[in-house]
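Shown next, in structure tokens, is the structure this report addresses.
Scope of the values below: all heavy atoms of this structure, side chains included, with no hydrogens, waters or symmetry mates. Convention: sequence-line order gives letters A, B, ...; per-chain numbering from 1.
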Amino acid sequence: MSKGKFGYFDPKKPLENRITDIGPQRFEQFLPPVIRRNYGKWVSHRILEPGLLVHVSETGEKAYTVRAAAPRLISVEYIREVCDVADKYCNGYVRWTTRNNIEFITDKEDTAKALKKELDSRKYHGGSYKFPTGGTGFGITNIVHTQGWVHCHTPATDASGSVKATADVLFDYFKSMKLPAKLRVAMACCLNMCGAVHCSDIALLGYHRKPPTIDHEVLGKVCEIPLVIAACPLYAIKPFTTPEGTKSVTINNEKCMYCGNCYTMCMALPLADSEGDGIAILVGGKISNRISGPKFSKVVIPWLPNNMPRWPEVTDVVKKIVEVYAGDANKYERLGDWAARIGWEKFFEKTGIPFTEKSLDDYRLAVDTYRTTTQFKFTEHAWAVSKAVGGI
Amino acid sequence: MGIEGQEHLWDKEVKGHRTYNDIRIYSDEQLKNYTDEELKNFKIKHATPIIDELEKGPWPSFVSDIKREALHRKKLGQENLMMPMEACEDLLGIVELSYKEGETHWKHGGIVGVLGYGGGVIGRYCDQQAKFPAVAHFHTIRVNQPSAKFYTSDWLRAFCDICEYRGSGMTNLHGSTGDLVILGSVTEQLEPLFFDLTHDMGVDLGGSGGNLRTPSDCIGKARCEFACYDTMDLCYDMTMTFQDELHRPAFPYKFKFKFDGCPNCCTASIARSDMAYIGNWKDDIRINHEAVKSYVGGEIPRNGGAVQANWGPFNIQEEIIDLCPTKCMHWDGKKLSINNAECTRCMHCIAAMPEALRVGADQGLSISFGAKAPILEGAQLALMTIPFMYAKKPYDSLKDLVRKVFDWWIEEGKNRERIGETIQRVSLKKFIEVLGIPPMPQMIKEPRSNPYVFFKESEVPGGWTRDINEYRKRHPR
């Protein structure tokens with residue numbers, strides 16, 4: 001590849017030798033030989049221990065896979081170290097999973113075990129593992145997440161840090177497979193959810209609590225006002241001319257749900273606010289069709305504070321939810337199916353999460369989530385209502 | 001790559017393949033330019049006491065990692081870097097400031113890109129440019145990952161060199177949509193970067209903005225016995241077929257393809273893609289009766305060995321038969337039988353006994369449309385629209401379907417409206433008319449409970465125009 005400011009590119013002749021529309025590299029050339037030989041011929045698999053899988057082909061060949069966690073945000077020095085390990089054990093072949101795990105594939109069990117041992121031995125001076133193996137079966141695998149304060153303009157919290165803090169707390173579950181079913185945790189640092197978390201067993205979601213603050217001085221100059229008005233899903237934005245005659249907008253704060261869609265359209269409407277911003281917790285979603293269909297995660301805590309660098313309020317509640325679920329759910333039962341079976345009133349009772357008026361939906365189609373049957377279980381929440389009306 | 005005849009450019013198993021050495025930027029000495037002792041004692045130029053706390057604990061620390069890259073850049077020196085040497089140090093500095101203040105310091109993106117493309121690069125600037133000049137401009141470049149994210153070290157090392165030389169040395173592997181993400185470049189470096197990516201590495205940019213986003217897929221037939229079609233090939237083929245839609249935004253908003261080989265949906269197609277291709281089969285689950293007995297006898301661990309908790313002996317009645325959502329399975333104490341006509345292919349029995357049960361052999365895919373995260377009209381899961389299609393090269397019927405969808409949505413979709421929202425606004429009824437398919441009960445959970453049915457004028461004998469005088473002859477005022 002080229003060196004120097006412009007390298008092989010000639011700014012005076014930008015179209016010369018230009019290559020476009022070539023797409024990604026063709027995948028076959030990156031497949032380890034054992035995968036090529038058995039492509040489409042796999043018949044079954046087993047997890048031999050957390051982080052080590054074997055797939056068996058109809059040809060009788062076996063492919064051993066060692067799975068290790070990686071952060072999503074990684075340096076080229078980190079990738080080069082992954083390459084060193086891949087060169088040493090897998091003739092340079094390596095892959096990533098959709099959940100930011102790294103997988104090394106070999107056709108020899110001994111090689112896989114030695115490789116696994118080496119991955120688990122590599123640590124940073126700060127104390128953390130570089131490539132902890134695990135993340136298989138009925139445990140908690142890598143937490144997918146978004147950019148946060150490392151790289152984004154709309155976050156209500158950091159992503160890499162809140163995930164690191166949460167993954168530290170859940171580490172034993174990454175290294176083992178002792179849950180009733182798999183449990184997926186995901187983190188998105190604002191409502192845009194570029195890392196869609198809306199169908200995760202446990203989702204952390206960055207949430208703003210203050211309407212945008214308006215930069216009247218520049219808004220009319222840098223933003224298209226009709227587009228800004230149209231961007232609001234709740235019709236809370238109206239055109240406005242300041243006493244000085246500057247074109248701008250006003251926001252009906254009562255209507256605003258802090259989604260930031262207007263900020264995406266217009267830089268003069270920032271939302272970030274250290275007092276307003278924090279993390280919501282959603283639970284019970286899934287994407288697989290196994291036993292029950294895919295479902296959305298449900299908001300069980302509308303907001304917890306950003307308490308950097310470890311977010312203890314967030315990690316405590318996540319750990320609590322996992323522990324209660326682990327102790328109470330049936331075999332193969334995902335978190336959302338467990339909560340639905342025992343009833344959400346029991347979910348709140350067992351986890352000790354306070355049920356507040358904010359858990360009563362007040363957005364569109366809210367009535368879909370209201371209970372319309374006399375089938376319910378008695379908990380302290382119910383007695384409080386009975387007492388409040390003088391019924392008992 | 002997409003250049004014909006070069007599909008094995010990087011293939012280690014083919015003689016004369018391209019290697020890292022052919023195109024590398026850095027020498028071995030430059031790559032191994034610091035000792036472990038130096039790394040241990042290295043201090044970046046900013047004090048970062050808050051995020052230093054995140055170096056502790058077992059999970060891999062991104063802070064430790066960025067520091068290592070900071071040291072490597074420092075030892076390389078500015079003469080060997082086109083982006084500021086201190087980019088990683090300033091990145092940690094600005095993140096520390098956010099941890100201290102609780103607010104982001106990245107500004108709204110600007111419009112940047114390479115000539116002729118409307119996507120693939122996202123402009124990014126920081127709002128504390130005097131304090132952190134090395135990350136003042138810090139653009140994101142999306143690079144189209146190969147199917148199922150398989151690599152060789154040769155290719156990855158070359159990718160590392162260019163990320164370090166013309167970027168900050170920080171990446172995302174991978175971004176949420178699936179791209180390889182190069183973090184931290186500047187506008188004037190985009191063209192040289194693009195030139196080397198396309199010429200030397202043979203790879204193109206991914207999507208951003210109102211276009212087809214970089215398609216992504218599960219591991220499919222490469223290493224999964226559940227895969228009902230070749231996800232890797234279809235993902236690649238569709239990416240190549242729709243390059244124009246990917247690079248040149250002409251859509252109302254983003255549009256995502258995701259390819260999952262079976263209803264387990266490991267790539268989350270059903271929750272995250274506008275058009276989800278989900279592997280499925282239409283014949284019977286294949287049963288190995290001997291292996292079923294082995295599960296019952298406790299000789300094979302349940303669920304592929306995924307269970308470490310003490311569940312006691314395998315109980316086929318409790319763990320399989322009773323959990324089947326359609327109750328279409330029967331165990332008579334000796335033999336397992338399945339009433340396949342009643343099966344909805346949830347995959348529980350297959351996942352729980354993978355050595356005894358296999359997905360059917362008559363395989364293809366189902367297509368669902370319109371999944372998305374909550375912004376704006378609320379989250380949607382994908383709507384079951386096409387029950388089954390074969391997915392065989394050259395995939396013509398799939399491509400015809402995609403073109404119908406694009407043509408309609410470009411016309412009908414409003415600015416920043418995902419197709420799921422367009423379908424919601426104009427109705428599923430209208431959408432299937434566009435696709436030219438009949439309605440089927442599989443499209444709904446249950447029939448509508450409101451009777452507010454719209455009829456077309458042509459459906460009602462005599463039409464809607466009536467003569468009031470004729471009416472009054474029958475019904476005086």
Please look at [X] and chain A and tell me whether the side chain, the backbone, both or neither of the residue comes under 4.5 angstrom of a heavy atom of that chain.
| X | value |
| --- | --- |
| Lys414(B) | neither |
| Met82(B) | side chain |
| Glu188(B) | both |
| Ala227(B) | neither |
| Leu323(B) | both |
| Leu54(B) | both |
| Ile300(B) | both |
| Lys107(B) | backbone |
| Asp36(B) | both |
| Ala158(B) | both |
| Tyr151(B) | both |
| Ala382(B) | neither |
| Arg345(B) | neither |
| Cys224(B) | backbone |

Of the listed residues ([options]), which shares the most heavy-atom pairs with chain A below a 4.5 Å separation?
| options | result |
| --- | --- |
| His105(B), Glu53(B), Lys67(B) | Glu53(B) |
| Gly169(B), Pro146(B), Pro354(B) | Gly169(B) |
| Arg272(B), Glu103(B), Glu55(B), Glu69(B) | Glu103(B) |
| Val95(B), Ile25(B), Val63(B) | Ile25(B) |

Chain B heavy atoms under 4.5 Å from [X]: which part of the residue, side chain, backbone, both or neither?
| X | result |
| --- | --- |
| Asn91(A) | both |
| Ile105(A) | side chain |
| Cys189(A) | neither |
| Val150(A) | both |
| Tyr93(A) | both |
| His153(A) | both |
| Thr264(A) | both |
| Cys259(A) | both |
| Leu48(A) | neither |
| Thr136(A) | neither |
| His45(A) | both |
| His55(A) | side chain |
| Glu103(A) | side chain |
| Leu170(A) | neither |

Students often mix this up, so state it plainly: with edges at 30° and 60°, are the rings of Tyr117(B) and His247(B) parallel, tilted or perpendicular?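 Aromatic pair Tyr117(B)/His247(B) classed parallel.
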Assign the ring pair Tyr332(A) / Trp311(B) to parallel, tilted or perpendicular, where the plane angle (0 to 90°) is split at 30° and 60°.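 The rings of Tyr332(A) and Trp311(B) stand perpendicular, inter-plane angle above 60°.
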Enter the distance from Ser292(A):OG to Arg290(A):CZ here, rounded to the nearest 0.5 Å.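 It comes to 10.5 Å.
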Using a 4.5 angstrom heavy-atom cutoff, name the option from [options] with the most pairs to chain B.
| options | value |
| --- | --- |
| Ile79(A), Thr154(A), Val56(A) | Ile79(A) |
| Arg18(A), Lys41(A), Met308(A), Arg99(A) | Arg18(A) |
| Asp87(A), Asn306(A), Leu179(A) | Asp87(A) |
| Met267(A), Glu28(A), Lys164(A) | Lys164(A) |
| Gly137(A), Gly126(A), Ser128(A) | Ser128(A) |
| Asp277(A), Asn261(A), Asn100(A), Asn330(A) | Asn261(A) |

Have a look at Val143(B) and tell me which of Thr171(B), Leu197(B), Leu193(B) forms a side chain to side chain contact (heavy atoms under 4.5 Å, CB included) with it.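 With Val143(B) as partner, Thr171(B), Leu197(B), Leu193(B) yield a single side chain to side chain contact (heavy atoms under 4.5 Å, CB included), made by Leu197(B).
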Criterion salt bridge (charged side-chain N to carboxylate O under 4.0 Å, His left out) on Arg358(B) and Glu225(B), from CA distance to verdict: CA-CA 8 Å; Arg358(B) 294 181 68 188; Glu225(B) 68 270 25; over 6 Å; no
Tell me yes or no: between the side chains of His72(B) and Glu164(B), is some donor less than 3.5 Å from an acceptor?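 Distance-only check passes for His72(B) and Glu164(B).
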Between the side chains of [Y] and [X], is the shortest nitrogen-to-carboxylate-oxygen separation below 4.0 Å, so that they form an ion pair?
| X | Y | result |
| --- | --- | --- |
| Asp161(B) | Arg157(B) | no |
| Arg68(B) | Asp65(B) | yes |
| Asp200(B) | Arg24(B) | no |
| Asp168(A) | Arg310(A) | yes |

Donor-acceptor pair, distance only, cut-off 3.5 Å: does the side chain of [X] make one with the backbone of [Y]?
| X | Y | value |
| --- | --- | --- |
| Ser44(A) | Glu355(B) | no |
| Trp155(B) | Met201(B) | yes |
| Ser75(A) | Glu77(A) | yes |
| Asn289(A) | Pro263(B) | yes |
| Arg416(B) | Ala231(A) | no |

At their closest point, which heavy atom of Leu205(A) faces which heavy atom of Leu191(A), and how far apart are they?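 Answer, listing the atom of Leu205(A) first, then Leu191(A): CD2-CD2, 3.9 Å.
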Heavy-atom closest contact (Ser216(B) atom, Thr267(B) atom, distance):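 Here Ser216(B) and Thr267(B) meet closest at OG-CG2, 3.6 Å.
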Please check if the distance between the ring centroids of Tyr78(A) and Phe131(A) is under 6.0 Å.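 Yes, close enough.
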Is the ring centre of Tyr8(A) less than 6.0 Å from the ring centre of His199(B)?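 No; His199(B) has its ring centre 6.0 Å or more from that of Tyr8(A).
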Test item: Lys175(A) and Pro50(A) side chains (from C-beta on) under 4.5 Å apart, heavy atoms: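 Counting from C-beta outward, Lys175(A) and Pro50(A) never come under 4.5 Å.
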Within 45 degrees of the ring normal and closer than 6.0 Å to the centroid, is that where the cationic atom of Lys123(A) sits relative to Tyr129(A)?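 Flagged: Lys123(A) positioned over aromatic ring of Tyr129(A).
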